[in-house]
Every structure is written in structure tokens, then in C-alpha cells.
Number of protein chains: 2
Amino acid sequence: MELTDKMQAFVMHCGEMGSRWGFNRTIGQMYALLLISEEPLSANELSQTLHISRGNVSMGIKELNSWQLIATRHKPGDRKEYYQPAGSIWQMANRVFEQRRKREIDPTLSLLRDNLLEEPRDQQERYAQQRLLEIHDLLEMITEWASELQRLSPEKLSTLMKLGAGVSKILDFRDKLSPKDRTES
Amino acid sequence: MELTDKMQAFVMHCGEMGSRWGFNRTIGQMYALLLISEEPLSANELSQTLHISRGNVSMGIKELNSWQLIATRHKPGDRKEYYQPAGSIWQMANRVFEQRRKREIDPTLSLLRDNLLEEPRDQQERYAQQRLLEIHDLLEMITEWASELQRLSPEKLSTLMKLGAGVSKILDFRDKLSPKDRTES
DNA sequence: CTAAATGTTCATTATGTTCTGAAAATACCT
DNA sequence: AGGTATTTTCAGAACATAATGAACATTTAG
């Protein structure tokens with residue numbers, strides 16, 4: 001498959017950003033290429049277009065599958081597998097958020113929880129636990145909030161985001177109207 | 001400085017997570033240690049407690065400074081520098097978000113913008129640009145929203161988060177009250 | 001069943017990242 | 001100025017991660 005300069009540039013950029021986004025260079029490139037291709041691509045096409053080994057493509061496919069970022073397609077009379085991005089851009093963003101949460105936050109949250117179950121033995125530990133508690137509460141609040149937002153429909157989420165900091169005005173408004181009916185804090 | 005088992009465990013965990021969070025092992029350990037220490041620590045103390053070289057500590061300090069995550073203190077009659085975490089947990093979380101946005105999203109957003117300025121030359125490019133546009137709009141919406149939220153006070157943000165998916169009910173409520181005054185979508 | 005086509009695995013090689021430690025720079029004191 | 005404590009730098013060593021490609025496995029057509 002032949003790429004125009006602009007497409008090349010995008011694919012290479014995604015390669016460079018790949019590791020920052022939690023996967024590696026080739027996986028970034030592969031995903032970028034699938035995204036901008038109108039037709040699903042076979043493993044061979046990926047290998048040739050990106051100049052990476054066949055084996056590497058196979059591993060990349062495996063990884064992208066584990067992130068649930070691609071879907072496999074078949075063409076009649078052709079037993080190769082063809083790959084394409086799975087779902088809408090929104091869904092992809094969701095999946096990436098979720099995966100990263102699992103890798104970057106959940107393990108820490110679980111360690112913190114375990115730690116906080118035990119009694120501090122001295123002043124030093126008492127202070128440390130206080131800090132850990134703050135971190136724990138913050139992380140927990142953020143992850144809970146994130147997963148609730150993920151459950152909203154894209155439309156609602158979109159409205160909410162476009163509203164931006166305006167939400168805060170709505171909160172004030174609500175507090176003025178019915179101060180006693182406020183969210184438990 | 002001597003660490004209890006539990007503190008050790010936390011520090012080591014942060015080391016392991018370090019690279020997932022955008023810095024490296026020793027920087028993760030250093031920051032964790034500073035967080036749970038009641039007293040600010042000197043470079044030598046960090047080096048000895050964590051068993052890492054003096055030079056490595058120096059580079060780590062530099063990096064943590066660039067993330068604005070630590071502050072430098074001095075003790076009277078002592079010309080060593082002592083380090084401690086800068087600001088509250090909330091502020092740290094903010095800084096980390098911001099830094100990561102700069103590294104992980106801004107470059108891509110800028111590439112996408114440049115790309116979208118040019119006219120597509122053929123059908124292939126037309127399709128590709130369509131995808132890029134979707135990504136661009138999503139990333140832009142998310143970053144704008146994030147930066148607006150960051151400007152809210154921790155209290156308001158906290159209220160908002162605890163409210164969780166409940167926001168969506170408020171949106172419905174508002175739409176029912178004044179459908180014509182709705183956010184431009 | 002065999003042969004051709006496709007997909008996967010994994011030991012080895014290549015590349016990239018982090019860490020060390022000695023040397024250089026800086027800051028402070030007398 | 002000279003001397004000492006402290007920090008910074010950076011080349012190279014150690015370590016970690018990613019990529020290759022040949023061997024192996026699987027599938028399907030004939």
C-alpha cells in the first residue's frame with residue numbers, strides 16, 4: 001500500500017508518540033495506519049507498508065486486540081485476516097482510558113488500601129499514612145468519577161464537556177435553590 | 001534514614017509504577033519518599049536511603065523540579081539543600097495532568113491542526129482527513145474541558161466529582177426548564 | 001494426505017533508557 | 001586568595017525493551 005506524504009507523517013508521528021501512550025512504536029504506527037485506511041488491511045500489507053517484520057506485526061495485532069482496539073474481518077474467497085479499527089473514536093478513547101487506568105492507577109489504589117488497613121506503629125508511620133490516605137481518596141474519587149462519566153452516552157458527555165466550567169454555575173444555582181437538599185459531602 | 005517495611009513497600013511500588021506515570025524508577029522512588037517524610041530530605045539522605053548514586057539523585061531532582069513537584073528548603077547553619085513535595089496533593093495531581101497533557105496530547109493536536117489546513121488531494125486523503133478531524137475534535141474538546149476544570153477550586157471540583165453521573169440529571173432538569181437556552185451543540 | 005498459504009512463537013540481535021562514579025563546576029567560609 | 005562542602009554533568013556500563021527472522025503450528029484447497 002502506498003501512502004501520501006501527509007499520511008506518512010501522521011503514521012510516523014503516532015509511532016513516536018506510541019510509547020508515551022502506553023504501547024510501543026510499531027503498535028502506534030500500525031494503529032494509525034488502520035485508522036486512516038478506508039479498507040481493512042492484512043498483516044502482510046501492514047508489514048510491507050510500515051517496513052516491519054511479519055513477526056512484529058503478529059505481536060502488535062495481539063496487543064491491539066488485548067486493548068480491544070481492532071476488529072478482524074474476512075473477505076470471501078480469501079483466507080487472510082484483515083484488520084480495522086474497532087468502533088468509533090469515542091469508543092477507542094474510552095478503551096484507552098480504561099486500559100491505562102487499569103495499569104496506572106488500580107495497582108496503586110490496591111496497595112494503598114492494603115496499607116491503610118494496618119495500624120501505624122509510630123509517629124513516622126502515622127504521618128506517612130496520613131499522606132497515603134490523601135492520595136488514596138483522591139485517586140478513588142477520580143476513578144469513580146471517570147467510570148461514571150464513561151457510562152454516560154457520548155451525546156450527554158459531549159454536552160457536558162462543551163458546557164465546560166459552566167457546570168459550576170449550575171451547582172451554585174442548585175445550592176441557592178435548595179441548600180438542604182445538597183449532595184452528601 | 002530508616003524506613004519501616006510498609007514505607008519501603010510504598011516507595012518501591014512507586015518506583016515500579018514510575019515509568020508508567022511518565023518518569024522513571026528512581027524518580028518515582030524519590031518522590032514517594034519525599035511525600036511520606038515528615039521532614040524535608042537532603043540529596044545525600046535520598047541517595048543513602050534509596051541506595052542510588054549521588055549523580056542520579058541530582059538528575060532526579062532536576063526532573064522533579066521541571067515537573068514543579070518539589071520545593072527546595074534550607075536549614076539555618078546548613079548549606080545543604082533539602083527537598084519536600086510542593087503544595088497539596090491536589091496541586092500535584094494537577095501538575096502531573098498538565099505535564100502529561102503537554103507531552104502526550106499537545107504535539108499530536110498541533111500535527112493534526114497543520115494537517116487539516118491542507119486540502120486533500122484524492123479520495124484516500126479525503127477519507128484519512130475525515131478520521132483525523134474526528135480525532136482532532138475529540139482531543140480538543142477533552143483538553144479544553146480539562147483545563148477549565150483545573151481552574152475550578154478543589155472544593156467545587158470535589159463537589160462535582162462526588163455528584164458523579166448525577167450531573168446528567170441536572171442537565172436534563174435544565175433542558176426541561178428552558179429548552180431554548182440550551183448550550184449550542 | 002500433501003502442499004501452499006497464513007499465522008505464531010521465541011532465541012537472538014538491535015535499540016533505547018537509566019544508572020554510576022569520577023571529574024568539573026559552584027557556593028560558601030576563613 | 002586557598003580550602004571544603006555540595007551539586008552538576010556526562011561518558012560509559014548495566015539494564016530493559018523492542019524487532020527480526022527462521023522454525024514451528026495451523027488452516028484449507030485439491
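Here is the naming used below: chain letters follow the sequence lines, and residue numbers restart at 1 for every chain. In this text, all values refer to a predicted model and were calculated from it rather than measured experimentally.
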More 5' along DNA chain D: Gly55(A) or Ser19(A), using each one's nearest nucleotide? Ser19(A)
So, does Asn24(A) get its side chain near the phosphate of dA19(D), meaning an N or O under 4.0 Å from OP1 or OP2? yes
Send over the distance from Asn44(A) CG to dA5(C) P, rounded to a whole Å. 12 Å
Interface polar pairs with nucleotides 13-15 of chain D, N/O, under 3.5 angstrom:
none

Near-strand residues of residues 56-83 of chain A, defined as heavy-atom separation under 4.0 angstrom from DNA chain C: Ser58(A), Met59(A), Lys62(A), Arg79(A), Lys80(A), Glu81(A)
From CD1 of Ile52(B) across to P of dT18(C) the rounded distance in Å is 13 Å
Rounded to the nearest 0.5 angstrom, the NE2-CG distance for His136(A) and Leu132(A) is 10.0 Å
So is Arg95(A) actually on top of Phe97(A)'s ring, under 6.0 Å and inside 45° of the axis? no
Take the protein atom CD of Gln48(A) and the nucleotide atom P of dG21(D), then report the distance between them rounded to whole Å. 14 Å
When all nucleic acid strands are considered with a 4.0 Å heavy-atom cut-off, which category describes Thr26(A): base, sugar-phosphate, or nothing? sugar-phosphate
Backbone N/O of Tyr83(A) and side chain of Arg73(A): donor-acceptor pair under 3.5 Å: no
In sequence, state the C-alpha distance, the side-chain angles, and the governing distance for Trp67(B) and Tyr31(B), and then conclude on ring-ring contact (aromatic ring centres under 6.0 Å, His included). CA-CA 11 Å; Trp67(B) 287 69; Tyr31(B) 188 59; 9.6 Å; no
From CG of Leu50(B) across to C1' of dC19(C) the rounded distance in Å is 13 Å
Check the distance between dA18(D)'s C1' and Glu16(A)'s CD and give it to me in whole angstrom. 16 Å
Can you tell me how far C1' of dA18(D) sits from CZ of Arg20(A), to the nearest Å? 18 Å
Glu125(A)/Lys6(B) ion pair, N-O < 4.0 Å: yes
Should Ile36(B) and Leu138(A) be regarded as members of a common hydrophobic cluster, given that ILVMFWY residues are connected when their side-chain heavy atoms come within less than 4.5 Å of each other, either directly or indirectly? yes
Electrostatic pair Glu98(B)-Arg101(B), nearest N-O below 4.0 angstrom: no
Separation of atom CZ in Arg54(A) from atom C1' in dT6(C), rounded to whole Å: 7 Å
Protein-nucleotide distance (Phe23(B), atom CZ; dT17(C), atom P), rounded to Å: 17 Å
What's the verdict on side chain to side chain donor-acceptor pair (under 3.5 Å) for Arg126(A) and Gln129(A), showing C-alpha distance, side-chain angles and the deciding distance? CA-CA 5 Å; Arg126(A) 203 166 300 122; Gln129(A) 270 206 358; over 6 Å; no
Checking all strands, does Ser42(B) fall into the base, sugar-phosphate, or nothing category for heavy-atom contacts under 4.0 angstrom? nothing
Side chain to side chain donor-acceptor pair (under 3.5 Å) filter on Arg121(A), not counting sequence neighbours, yields none
